[in-house]
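Below is one structure, written out as structure tokens; comments come after it.
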Amino acid sequence: MKVVVSAAYSSYKKEIIDALNNFEKEGRKIGPGKRNILKAVVIKKKELNIKAFKIPNVVNKIAYRFFRKSKAERSFIYASELLKRGINTPAPVAYAEETTSFSFLKSYYVSEHLEYDLTFRDIDLDKKRHEEILRAFTRFTFKLHEEGIEFLDHSPGNTLIQINENDYKFYLVDLNRMNFKSLNFNERMKNFERLTPNKKQVEVMADEYAKLINRPKNEVFEKMWSLVDTFFKNRGKNRKLKKQLKKSVGIK
């Protein structure tokens, strides 16, 4: 197993390797883990998270072995890049890869554990202060864009939110799909499409973003809502089609 550990955690390497070798037996599982499994482990009194990525398909076994960086390595690299650009994410600790001479098997990403109060998914405009949080989240997204960060998995569960009186901190997780480049207006608006089909929430985000980008509110809202509406309609169609296909072949 190849294991790369950050300089800040170089003294933890042996214990990290032990934790990876015993991943199936040890640690506290976090979340449902349908595709990838996330666990919290304690090493030298420090709580860390280990994300185990599922074994890729046949094509990606070759691609990750010879041509592309693994999801774990990209997560490790992108976390460091985010921190350099002033964007919060749980500090990267290590990544590991299991391979054979001709194939890629498993990979793991290790980061510091972070306590948080809610995610975007928990935002409800009927609750006190939640519009404030949504507007602060929009300013955070604007900062991402200004820093040249296109977070391709900008979805409801991938930003952790800490609340401290009137201060809100946002931390990105699930980092393996990102681009670092200058974003045009359409790319900025498209980056909101996965977050919510709730029109009132989109109106608030459009209003806040319009102030930041110095464009008319109606222009920002119409573009943002068009992309959001299209995304969720297509996702609904795709889910319905998958369900029908599974039913036709007898898969429950």
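Not measured: the values here are computed from a predicted model. Quick note: numbers below take in every heavy atom, side chains included, and nothing from hydrogens, waters or symmetry partners.
Under the 6.0 Å distance and 45° angle rule, K106 does not count as a cation-pi partner of F53.
Side chains of E97 and Y108: no donor on one and acceptor on the other come within 3.5 Å. Between the side chains of Y9 and E112, at least one donor-acceptor pair of N or O atoms lies under 3.5 Å. Between the side chains of N191 and H154, no donor N or O sits under 3.5 Å from an acceptor N or O. One side chain, Q201 or T196, offers a donor N or O that lies under 3.5 Å from an acceptor on the other.
R85 has a carboxylate O that lies under 4.0 Å from a charged side-chain N of E81, or vice versa, which qualifies the two as a salt bridge.
Checked against the 6.0 Å centroid threshold, F192 and Y209 count as a close aromatic pair.
For residues 115-131, the salt bridge (charged side-chain N to carboxylate O under 4.0 Å, His left out) pairs, not counting sequence neighbours, are E131-R135.
Between L134 and H130 the shortest side-chain heavy-atom distance does not fall below 4.5 Å. Taking the side chain as every heavy atom from C-beta outward, T138 and F142 never approach each other to under 4.5 Å.
Taking CG from L175 and OG1 from T89, the interatomic distance works out to 4.0 Å, rounded to the nearest 0.5 Å. Between atom CG of residue N198 and atom CD1 of residue I123 there is a gap of 10.5 Å, rounded to the nearest 0.5 Å.
Note on ring orientation: taking the six-membered ring where Trp is involved, the planes of F170 and Y168 are tilted (angle from 30° to 60°). Taking the six-membered ring where the residue is Trp, Y95 and F76 present tilted rings, their angle falling between 30° and 60°.
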